[in-house]
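Okay, so here's the structure we're looking at.
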Amino acid sequence: GENVEQHPSTLSVQEGDSAVIKCTYSDSASNYFPWYKQELGKGPQLIIDIRSNVGEKKDQRIAVTLNKTAKHFSLHITETQPEDSAVYFCAAGSTSGTYKYIFGTGTRLKVLA
Amino acid sequence: KAGVTQTPRYLIKTRGQQVTLSCSPISGHRSVSWYQQTPGQGLQFLFEYFSETQRNKGNFPGRFSGRQFSNSRSEMNVSTLELGDSALYLCASRQDGFGTQYFGPGTRLTVL
């Protein structure tokens with residue numbers, strides 16, 4: 001069945017360093033890839049997304065890259081800050097068929113001051 | 001624009017009871033999806049409603065059901081609660097058939 005694998009499950013970085021989270025999807029029909037940040041006690045918040053007709057997208061310290069051939073996409077956070085500490089989820093969806101989002105299992109990011 | 005709202009935020013029930021959770025989507029959004037989030041299983045898709053019709057369904061037992069009203073508000077019902085139903089239940093809305101999905105804060109359900 002469709003699934004999204006996400007790695008690593010936990011990630012600790014020093015403040016100011018970069019963090020990279022990777023996801024792999026299985027459904028070739030997937031063409032939309034959002035990333036969500038979930039802080040303690042809150043629902044996931046969209047932080048960036050990318051569509052399959054684009055290879056990379058940036059928004060200040062956050063960037064997402066997509067390799068359609070390898071079915072990989074990654075989240076890059078540069079100059080990490082303590083407030084970046086949260087759980088991050090990737091997801092894959094399609095504009096055809098079932099319109100479902102399949103989520104990764106999440107990465108707990110800790111930024112050490 | 002107001003975000004997705006969910007009520008109640010916290011619930012405590014006992015085994016065998018039933019519960020109804022409510023979700024109000026962002027104004028103009030016609031699609032509402034429900035997810036169960038647990039530490040061990042991550043975000044598990046329950047079902048999606050679009051224009052009052054269930055469009056997608058995840059792999060949950062029939063004890064989990066939902067509906068959507070003409071104003072796009074949605075309710076989720078769980079009957080005969082089990083201890084394993086303890087979780088954060090998240091609702092997400094999007095504007096049309098496919099688009100960016102926005103989550104509510106969730107309802108924390110504890111089954112004793």
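Just so it is clear, the structure is predicted and the values come from calculations on it, not from any experiment.
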- If you group Ile, Leu, Val, Met, Phe, Trp and Tyr by side-chain heavy-atom gaps below 4.5 Å, do A/L109 and A/V87 land in one group? no
- Note on the structure: chain A shares the most heavy-atom pairs under 4.5 Å, among B/G42, B/P105, B/C91, with B/P105
- Task: Output the residues of residues 77-87 of chain B for which the shortest heavy-atom distance to chain A is under 4.5 Å, in residue-number order; output 'none' if no such residue exists.
- Result: none
- Report yes if the side chains of A/F103 and B/Q44 come closer than 4.5 Å at any heavy-atom pair, otherwise no. no
- Give the minimum heavy-atom separation between A/Q45 and B/F103, together with the two atoms involved. NE2-O, 4.2 Å
- So what's closer than 4.5 Å to chain B heavy atoms on A/P34: side chain, backbone, both or neither? neither
- Item | Contact summary for A/P44 and B/L90, nearest pair of heavy atoms | CD-CD1, 3.7 Å
- Should we count CG of B/L112 as having more than 12 external heavy atoms under 6.0 Å? yes
- The interface call for B/R108 against chain A, heavy-atom contacts under 4.5 Å, is neither
- Could you tell me whether A/K22 atom NZ has more than 12 heavy atoms of other residues or ligands within 6.0 Å of it? no
- Message: Are the side chains of B/R94 and A/Y101 in contact, using a 4.5 Å heavy-atom criterion?
- Response: yes
- Over 12 non-hydrogen atoms of neighbours within 6.0 angstrom of NZ in A/K71: yes
- Task: Flag yes if B/I26 and B/F69 sit in one hydrophobic cluster, no otherwise; membership is Ile, Leu, Val, Met, Phe, Trp, Tyr, and two members link when side-chain heavy atoms are under 4.5 Å apart.
- Result: no
- Message: Check for me, please, whether B/V19 and B/I12 land in the same ILVMFWY cluster - side-chain distances under 4.5 Å, paths through other members count.
- Response: no
- Query: Are side-chain heavy atoms of A/Q38 and B/L88 found at a separation under 4.5 Å?
  - Reply: yes
- Out of curiosity, does B/F47 fall in the hydrophobic cluster containing B/Y35 (side-chain heavy atoms, cut-off under 4.5 Å, transitive links)? no
- Message: Counting neighbours of CD on A/Q60 that are heavy atoms of other residues, nucleotides or ligands and sit closer than 6.0 Å, is the number greater than 12?
- Response: no
- Query: Just wondering, do A/F89 and B/Q37 contact through their side chains at under 4.5 Å, heavy atoms?
  - Reply: yes
Tabulate below the donor-acceptor pairs under 3.5 Å that side-chain atoms of residues 12-20 of chain A make, not counting sequence neighbours, or state none.
none

- Query: Quick one: do A/F33 and A/Y88 end up in the same hydrophobic cluster if we chain Ile, Leu, Val, Met, Phe, Trp and Tyr together by side-chain heavy atoms under 4.5 Å apart?
  - Reply: yes
- Query: How about A/Y32 and B/T100: does a side-chain donor come under 3.5 Å of a side-chain acceptor?
  - Reply: yes
- Does CG belonging to B/N59 count more than 12 external heavy atoms closer than 6.0 Å? no
